[in-house]
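Before any comments, here is the structure.
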Amino acid sequence: TRKTIPEDGRICKQTPRIIEMENPTGDNIVAKRNAGYRSKFELFLARKLIQNKIKFEYEKKKITYVPKIRTYTPDFYIPATNIYIEAKGEFDKAELLSNVADNLILPSIEAFDQAVGELQVAYSGFASAPDANGLNLVRNEWREAYLIWQAVKIYDFGPMASYGIKAAVATYPTDTTVILDNISAGTYSLGSAANASAVGLPALDFLLYRVSALSDFTTNSNYLTYGSDVITKLKGESEMLKTQWSSYRNTFVESTGTRG
């Protein structure tokens, strides 16, 4: 025997019929599983809409979105209230967090650490014999590290927040007066609060791209040393972030609860 749910709620012709099977066997099992919808959750929502006498359309309207002209088809549309409903089933939060940690966060952090290492190597070569070609190489490695940092800085929680990595790597704007005073003095503590805006990628931006950069690097040993010290500090922070996040990974994955 079977019981057919009335189709009064469905105003779209292609809306599947919803059929409840009693003691389904054979092909009827497929009907019970899908009833013309793409998932049990969609079927559940359709039943609820019908039970509450809400007219709806199923996969009829397309939404165009930018930047590229593409379309997306939500599952349900309620004409009376102009509301779209997209049915998404339950998911394993731990599995989701594992995927985020292993395929997004950790690879981004590792790529950043590698990029800073390559910047350090390029700068070391440049420092041994400063010239225009060497400076351009350092600039390219700096630019690559800065681009990769954009994919890392969004994870400002856990170790990154605890150790103040975001501020140490990219406090903006950089304080050029403090940088030049440090260079002039030849002594400084880059880890101090007073130098928070005189280190990191923005500080290197100033050192590498000012109009007199090549001249300063070739004629002022303090200028050259300061660049090296900033990069050394940056490398220590990228390594620490990588190490700490590897340890923090399980804590992150196991954080499946909700905050009250």
> Should Phe76 and Ile83 be marked as a side-chain contact (heavy atoms from CB on, under 4.5 Å) after you check the CA-CA gap, both sets of side-chain angles, and the distance that decides it?
Replying inline: CA-CA 8 Å; Phe76 299 94; Ile83 291 177; over 6 Å; no
> Would a 4.5 Å heavy-atom cut-off, applied to side chains only, mark Val138 and Leu204 as touching?
Replying inline: no
> Do Tyr155 and Leu104 have side-chain heavy atoms sitting under 4.5 Å apart?
Replying inline: yes
> What's the spacing between Ile105 CD1 and Arg249 CZ if we round to 0.5 Å?
Replying inline: 10.5 Å
>> Taking the side chain as everything from C-beta on, heavy atoms only, tell me whether Lys235 gets closer than 4.5 Å to Asp113.
In response: yes
> Between CG of Asp75 and CD1 of Ile85, what distance do you get to the nearest 0.5 Å?
Replying inline: 9.0 Å
>> Applying the ring pair (Phe, Tyr, Trp, His ring centres under 6.0 Å) criterion to Trp245, which one of Phe252, Phe112, Tyr163 satisfies it?
In response: Phe252
>> If we count only N and O atoms by modelled type, under 3.5 Å, do the side chains of Ser212 and Asp216 hold a donor and an acceptor together?
In response: yes
> Taking all non-hydrogen atoms of both residues, which atom of Lys55 and which atom of Pro79 are closest, and how far apart?
Replying inline: O-CD, 3.7 Å
> Can you find a pair of side-chain heavy atoms, one from Tyr172 and one from Leu201, that are under 4.5 Å apart?
Replying inline: no
>> Can you confirm whether more than 12 heavy atoms, excluding those of Tyr84, are under 6.0 Å from its OH atom?
In response: yes
>> According to a hydrophobic-cluster definition based on side-chain heavy atoms being under 4.5 Å apart (Ile, Leu, Val, Met, Phe, Trp, Tyr only), do Leu119 and Phe206 belong together?
In response: yes
> Does Leu137 share a hydrophobic cluster with Tyr209, counting links as ILVMFWY side-chain heavy atoms below 4.5 Å and allowing steps through other members?
Replying inline: no
> Which heavy atom of Pro173 sits nearest a heavy atom of Ser197, and at what distance?
Replying inline: O-CB, 4.0 Å
> To the nearest 0.5 Å, how far apart are OH in Tyr188 and CG in Asn195?
Replying inline: 9.5 Å
>> Is there a continuous path of hydrophobic side-chain contacts, each under 4.5 Å between heavy atoms, that joins Val116 to Leu106?
In response: yes
>> Quick one, Ile78 with Leu49, criterion side-chain contact (heavy atoms from CB on, under 4.5 Å). Give me CA distance, side-chain angles, the key distance, then yes/no.
In response: CA-CA 10 Å; Ile78 313 300; Leu49 290 170; 4.1 Å; yes
> Given side chains that start at C-beta, do those of Leu180 and Arg210 come closer than 4.5 Å, heavy atoms only?
Replying inline: yes
>> If I take atom OG from residue Ser255 and atom NZ from residue Lys93, how far apart are they, to the nearest 0.5 angstrom?
In response: 8.0 Å
>> Can you confirm whether Thr218 sits close enough to Tyr223 that some side-chain heavy atom of one is under 4.5 Å from a side-chain heavy atom of the other?
In response: no
>> Looking only at the side chains, is there a donor atom on one of Gln114 and Glu110 sitting less than 3.5 Å from an acceptor on the other?
In response: no
>> Any donor-acceptor pair under 3.5 Å linking the side-chain atoms of Tyr146 with those of Asp205?
In response: no
>> Would you say Phe44 ends up clustered with Phe56 if hydrophobic residues are merged whenever their side chains have heavy atoms under 4.5 Å apart, either directly or through other cluster members?
In response: yes
>> Which heavy atom of Trp149 sits nearest to which heavy atom of Ala170, and what is that distance?
In response: NE1-CB, 3.4 Å
> Side-chain heavy atoms under 4.5 angstrom apart, residues restricted to Ile, Leu, Val, Met, Phe, Trp, Tyr: same cluster for Phe157 and Val152?
Replying inline: yes
>> Let me confirm one number: the OG-NZ distance from Ser108 to Lys153, rounded to the nearest 0.5 Å.
In response: 13.0 Å
> Between Ala168 and Val199, what is the shortest heavy-atom contact and its length?
Replying inline: O-CG2, 3.8 Å
>> Let me confirm one number: the NZ-CG distance from Lys233 to Leu190, rounded to the nearest 0.5 Å.
In response: 7.0 Å
>> Tell me whether Ser124 contacts the main-chain N or O of Gln120 through its side chain, where contact means a donor paired with an acceptor under 3.5 Å.
In response: no
> Which heavy atom of Pro159 sits nearest a heavy atom of Ile165, and at what distance?
Replying inline: O-CG1, 4.3 Å
>> Between Tyr58 and Glu42, is the side chain to side chain donor-acceptor pair (under 3.5 Å) condition met? List the steps.
In response: CA-CA 10 Å; Tyr58 178 76; Glu42 288 186 8; 2.4 Å; yes
> Heavy-atom distance under 4.5 Å between the side chains of Glu239 and Lys242, does that happen here?
Replying inline: no
>> Using every non-hydrogen atom in the two residues, find where Tyr226 and Ile179 come nearest and quote the distance to one decimal.
In response: CE2-CG2, 3.7 Å
